[in-house]
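Note on naming: letters A, B, ... go to the chains in the order of the sequence lines (proteins, then strands), and numbering restarts at 1 for each one.
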Protein chains: 2
Amino acid sequence: MDKSQPENLKNAGLKSTLPRLKILGLFESGQERHMSAEDVYKLLLSTGDDVGLATVYRVLTQFEHAGLLVRHNFEGGKSVFELNEGKHHDHIVCLQCGHVEEFYDTTIESRQKKVAAELGFEVHDHSLHIYADCTKTKCPHKPRNV
Amino acid sequence: MDKSQPENLKNAGLKSTLPRLKILGLFESGQERHMSAEDVYKLLLSTGDDVGLATVYRVLTQFEHAGLLVRHNFEGGKSVFELNEGKHHDHIVCLQCGHVEEFYDTTIESRQKKVAAELGFEVHDHSLHIYADCTKTKCPHKPRNV
DNA sequence: ATGAGTGCAAATTTTTTGCAGGCCT
DNA sequence: AGGCCTGCAAAAAATTTGCACTCAT
């Protein structure tokens with residue numbers, strides 16, 4: 001977890017470039033675990049790191065293929081990425097604001113496998129998605145950037 | 001369940017028109033429970049019922065708002081619709097071909113509520129999504145129409 | 001130097017919207 | 001008749017791709 005970023009990129013067979021280091025750095029900073037391409041792009045702009053949006057998309061996809069990031073398509077239309085830290089977990093997503101929380105529940109895990117088997121499916125490592133609302137009245141999280 | 005389609009539309013406050021009847025008919029025929037706008041559009045074309053793609057999108061959205069259909073955004077990018085028959089159920093989706101199966105598991109339901117509550121969420125009626133593979137070797141279902 | 005990487009603009013894909021004309025009630 | 005509906009084309013939103021130029025090794 002303390003491996004320097006250039007090393008991470010090398011191991012992934014990717015050349016160590018500024019855009020890649022910046023983007024990986026954002027995810028490793030832990031500020032925001034789940035980000036869309038647009039989120040990353042705007043964050044970089046806000047810190048003066050001018051990276052093209054197309055490059056953000058390309059790098060995110062490369063990182064996904066390299067196993068550094070995991071891509072999710074939650075309800076809402078845009079792809080969301082998170083650091084691949086090896087430990088399996090599921091996600092619960094707010095339908096109002098898009099906020100994402102992670103969880104791991106052994107009962108759900110085993111039950112999920114059972115249900116899948118009965119229906120002729122085999123669960124591998126993909127996250128299960130629960131969709132809900134942060135609260136019944138008003139959503140405490142930031143409004144979904146649609 | 002045997003209510004005539006025009007009646008269903010009337011009850012939803014929608015004028016009974018040919019495109020609407022055709023589209024609702026497709027879902028009620030039970031041939032294919034889960035369809036994207038493109039799926040519906042192509043099916044209608046194949047049966048000689050020429051309906052504009054824009055109309056398909058508009059009608060599907062209207063039906064969703066009227067509570068006749070439910071919209072899902074599974075991994076894969078496109079919205080998928082299914083008839084709203086009132087009975088809650090969850091979905092397991094094949095990551096290879098996009099095939100969808102429905103299920104209902106009381107253990108998962110209760111556990112889902114518990115997990116949500118612990119994380120400050122409230123689950124209403126939205127489907128939970130499990131993502132898996134039809135089989136480990138080759139997918140028996142139709143290839144995903146990407 | 002040299003091929004991978006980047007930025008910009010144009011192209012794709014999925015979905016929405018404006019507008020003129022057409023069909024329910 | 002009057003307005004909701006539809007079709008077509010253009011607009012939007014998210015993502016991908018072509019191309020000339022730049023940077024890492």
5'-most contact on DNA chain C: B:Val80 or A:Val56, nearest heavy atom basis? A:Val56
Between B:Tyr57 and A:Gly13, which is nearer to the 5' end of DNA chain C once each is assigned its nearest nucleotide?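 The 5'-side residue here is A:Gly13.
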Whole angstrom value for the distance that separates [atom2] of [N] from [atom1] of [X]:
X       : N      : atom1 : atom2 : result
B:Arg58 : C:dC19 : CZ    : P     : 13 Å
B:Glu38 : C:dT15 : CD    : P     : 8 Å
B:Asp50 : D:dC8  : CG    : C1'   : 13 Å
A:Leu53 : C:dA10 : CG    : P     : 16 Å
B:Lys78 : C:dT16 : NZ    : C1'   : 17 Å
A:Leu9  : D:dC23 : CG    : P     : 18 Å
B:Lys10 : D:dC4  : NZ    : P     : 16 Å
B:Glu75 : D:dA14 : CD    : P     : 17 Å

Does anything in residues 59-71 of chain B reach DNA chain D, meaning a heavy atom under 4.0 Å, and if so which residues?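 None, since no heavy atom is under 4.0 Å.
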As a test of understanding, state which of A:Glu101, A:Glu28, A:Glu85 forms a salt bridge (charged side-chain N to carboxylate O under 4.0 Å, His left out) with A:Arg33. A:Glu85
Checking side-chain polar atoms at under 3.5 Å, does B:Gln112 have a donor or acceptor matched by the opposite partner on B:Asp90?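 Not at all, the side chains of B:Gln112 and B:Asp90 share no donor-acceptor pair under 3.5 Å.
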Any idea how A:His72 and A:Phe74 line up, ring-wise: parallel (<30°), tilted (30 to 60°), or perpendicular (>60°)? parallel
Would you call the rings of A:His99 and B:Phe121 parallel, tilted or perpendicular, taking 30° and 60° as the class edges? parallel
With a 4.5 Å cut-off on side-chain heavy atoms, are A:Thr61 and A:His65 touching?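 With C-beta onward as the side chain, the pair touches.
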Answer whether the closest heavy-atom distance between the side chains of A:Leu69 and A:Leu83 falls below 4.5 Å. yes
Minimum-distance nucleotide to A:Ser79 side chain [options: C:dC19, C:dT16, D:dT15]: D:dT15
Matching residue for B:Val40 among B:Leu53, B:Leu26, B:Val51, B:Leu45 - test: side-chain contact (heavy atoms from CB on, under 4.5 Å): B:Leu26
Would A:His89 and A:His91 count as a close aromatic pair, with their ring centres under 6.0 Å?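 Ring-ring flag for A:His89/A:His91: true, centres closer than 6.0 Å.
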Indicate yes or no for a side-chain donor-acceptor contact from B:Glu75 to the backbone of A:Asn73 under 3.5 Å, with no hydrogens or angles considered.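 Checking the backbone N and O of A:Asn73 against the side chain of B:Glu75, a donor-acceptor pair under 3.5 Å is found.
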Do any N or O atoms from the side chain of B:Arg71 and from the backbone of B:Ser79 form a donor-acceptor pair under 3.5 angstrom? no
To 10°, what angle do the rotation axes through the five end pairs on each side of the helix from C:dA1-D:dT25 to C:dT25-D:dA1 form?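 Axis-to-axis angle, ends of the helix: 20°.
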Those residues of residues 15-26 of chain A lying under 4.0 Å from DNA chain C by at least one heavy atom: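 Only A:Lys15, A:Thr17, A:Pro19, A:Arg20 qualify.
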A:Leu68 vs A:Leu9, test: side-chain contact (heavy atoms from CB on, under 4.5 Å). Steps then yes/no. CA-CA 9 Å; A:Leu68 293 173; A:Leu9 291 178; 4.3 Å; yes
